[in-house]
Number of protein chains: 2
Amino acid sequence: MSNPPTIKEIAKKLNISVSTVSRALHDHPSIGLRTKMRVQQLAKDLNYEPNQTAIFFQQRKTFTLGVILPELSEAFFSAAISGIEDTANKHKYSVLLGQSHDNEEREKQIVETMKNHRVDGLIISIAKNTVNYDHFEMLKKYNIPIVFFDRIPNLPNIHYVACDMESGTIQAVNFLLKNNHRIIGMINGPEKLFASQQRVEGYIKAMKKYRLKFDPNLMVASDLTREGTEAAMQSLLSQRRKPTAIVVFNDYVALDAVQYARHKKLRINKDLVFVSYSNLPLSHYTAFPPLASVEQFPYQQGQKATETLVELLGKSNDQQEATTYYKVILESQLVLNPNR
Amino acid sequence: MSNPPTIKEIAKKLNISVSTVSRALHDHPSIGLRTKMRVQQLAKDLNYEPNQTAIFFQQRKTFTLGVILPELSEAFFSAAISGIEDTANKHKYSVLLGQSHDNEEREKQIVETMKNHRVDGLIISIAKNTVNYDHFEMLKKYNIPIVFFDRIPNLPNIHYVACDMESGTIQAVNFLLKNNHRIIGMINGPEKLFASQQRVEGYIKAMKKYRLKFDPNLMVASDLTREGTEAAMQSLLSQRRKPTAIVVFNDYVALDAVQYARHKKLRINKDLVFVSYSNLPLSHYTAFPPLASVEQFPYQQGQKATETLVELLGKSNDQQEATTYYKVILESQLVLNPNR
DNA sequence: TTTACATAGACAAACGATTGCGCGTTTTTT
DNA sequence: AAAAAACGCGCAATCGTTTGTCTATGTAAA
């Protein structure tokens, strides 16, 4: 027989009704032990497996989590998806995947696809230049909860998991200050990102604590492309008060910044030192690694986001409404480079 | 209204039958232009979206591809999944994800989950120590086609996409031979992997062409862990005929091997040079990169595997049977490290 | 005018499983 | 021994959509 066995076939072969079979397979108390055994035996013999698509349809639940990330090939996100998949799996959920390529249009379209697939919930790290959040709001009407992580939108009532970049930045700047740097530059990311704003806060707070005044010229933004980073470096290095240290948005940007500096004949870790974020494994192997990097625990963020979502899904809609929004903050942590 | 609109509601509001609505939405010729317009207008107004789970169920097709990879956080696989997702998306397929963590048990369980989800097809790169292939064979009975890529099982009748590691190895060894190395070691991967066997073939062929005899002591295997690699290095370096160059299974292994060699006070690229596989982006930034690396085009492999699977799914079962098995071989390519 | 044939749409079954309700039979209670 | 409760199972609706078949109306051909 080519088609997988169904509950109907079992019923027919045993001359009982489908409902009995269904209940027998679920160990329902109202089914006698005898028939229960017979059904379960035959099911095993026929290699019966319930048709999930039928169940999904009937139960209006798919046990599937949608995950939307900017770039799967970036180490940060691939670590995150790893944590997400592991945790989802542990809770019997499957993972439906989409990458936005940092493109808002594409992000919208994926959200649409996920909605039509009737995913039970979504985990999203938004595209870097998404400014319109309608496609997220829309999901509320469909009762599809979202947990954002790392790259979170600037919206009031959302669930999210993120690293506290403010404290991480304070750690980073303090580290530099303690090493006698006084003119500290910063290459930040897109202003829209909450994480960028937090970095600014942390930077300013740390400087203030040392009674150093904030020089806005030392704070530049990169769009995270190589060109953007080079422009940022150029701007920083053309200052009258040249920075002796630079805090950089992430390790990828740092690699580009380092290359630019070397090209300008600056001696890394002598004329100019770098501290960055992410602490990718590669930075341990790299020729001129940043002195230190703020670890953001992508795997753990993914884990936590998934656990949060699963917990949310365990609640009824009313309960969901009643929950105050989850705002899970993981502490980031400055990690000194062992090869420094 | 909390529930999404259905075809039924549209039918009721317009006082026509559901079948008419369905056909109108699909532009079926037997529906008059007037009603067609009215239906489509109302559908738009109500923000109607077909319930995919119902359609999946009804059509016995989910437009979902299952993807099983060993480790998402490895650069090779994250690049591959990126290619897979992009290509699947282009063909209106979604991607259901699972990672085996190189664990055969887990791999089996994921296959099971995917089957129950009724994915239309599977793309798999097998766990490194999977020796039993029953769970793959089983899928044939359910008419779920599989396309393997990169890490392919040693089975006769399968579809697969892979890089030709033999020619890549020949290129690598030739490169070393031309640079006057005569004693060339190799750290290979698990013997079960087809790719490992191909590397051996390539190595031997290249040596033969130079009329050099094959010294089996120069060929060792690593289980890809740091410890395994260190053991392999130790074995190689303790030879009477010490290698002046080593071909290493991949860039991760190479990084470990390099560290071991440095620890042993060997001068990289002087006393000992390395050539490896994968050409991960990080190797451009690394302090002591391999001289060259055999690029395996993970993104393209993912793309190609997905295209192959989609093509397969376009065919009826009979046609599928009739197709000879796809064996897509991408040429690998030796890439010299620009920072060498 | 009658026959024939498109045209436009309705009816209903089917996909596979779950579940509220009802009904007959057995067992327990008093 | 009669009434009540418990047990064991079947009936049928339901989830939303697609699709084969049938019917009614109108139009063209004979």
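Treat the numbers as computed from the prediction; the structure is a model and nothing was measured. The chains referred to below are lettered A, B, ... by the order of the sequence lines, with proteins before strands, and numbering in each begins at 1.
- For the pair R34(A) CZ and dC7(D) P, the computed distance is 19 Å after rounding to whole Å.
- Spacing between atom CD of Q58(A) and atom P of dC15(D) amounts to 10 Å, rounded to whole angstrom units.
- Ion pairing between a basic and an acidic side chain is recognised when a charged N comes within 4.0 Å of a carboxylate O; E9(A) and K12(A) show no such pairing.
- Using a 4.0 Å heavy-atom distance criterion, T35(B) is classed as a sugar-phosphate-only contact.
- For K36(B) and dA8(C), the shortest distance from a side-chain N or O to OP1 or OP2 is not below 4.0 Å.
- No more than 12 heavy atoms of other residues, nucleotides or ligands shown are found within 6.0 angstrom of NZ on K304(A).
- With distances taken from any side-chain atom of N51(B) to the nucleotides dT17(D), dT19(D), dG8(D), the minimum falls on dT17(D).
- Between the CD1 atom of I7(A) and the P atom of dA12(D) there is a distance of 18 Å, given to the nearest Å.
- Of the possible donor and acceptor atoms, none in the side chain of Q52(A) sits under 3.5 Å from a partner among the backbone N and O of R118(B).
- Scanning all heavy atoms of the two residues, the minimum distance from L65(A) to L309(A) falls at CD2-CD2, 3.9 Å.
- Nucleotides of DNA chain C nearest to P29(B) and Q59(B) differ in position, and the one nearer the 5' end is that of P29(B).
- In this structure, CZ of R60(A) is placed 19 Å from P of dA17(C), rounded to the nearest angstrom.
- If you look at F148(A) and F136(A), their ring centroids are closer than 6.0 Å.
- A salt bridge does not link K13(B) with D45(B): every distance from a Lys NZ or Arg NE/NH1/NH2 to an Asp or Glu carboxylate oxygen is 4.0 Å or more.
- With rounding to whole Å, I16(A) atom CD1 is found 11 Å from dG8(D) atom C1'.
- For the pair L14(B) CG and dG9(C) P, the computed distance is 11 Å after rounding to whole Å.
- Ranking dT17(D), dT18(C), dG16(C) by closeness to the Y48(B) side chain, first place goes to dT17(D).
- Atom C1' of nucleotide dA17(C) and atom CZ of F57(B) are separated by 7 Å, given to the nearest angstrom.
- Between E85(B) and R106(A) a salt bridge is recorded (basic side-chain N to carboxylate O distance below 4.0 Å).
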What nitrogen or oxygen pairs link the protein and nucleotides 26-28 of chain C at under 3.5 Å?
none

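- When rounded to the nearest whole Å, the span between CZ of F56(B) and C1' of dT18(D) equals 15 Å.
- A salt bridge does not link E104(A) with K192(A): every distance from a Lys NZ or Arg NE/NH1/NH2 to an Asp or Glu carboxylate oxygen is 4.0 Å or more.
- Using a 4.0 Å cut-off on heavy atoms, the residues of residues 19-28 of chain B that approach DNA chain D are S19(B), S22(B), R23(B), H26(B), listed by number.
- Heavy atoms from other residues, nucleotides or ligands lying under 6.0 Å from NZ of K128(B) number more than 12.
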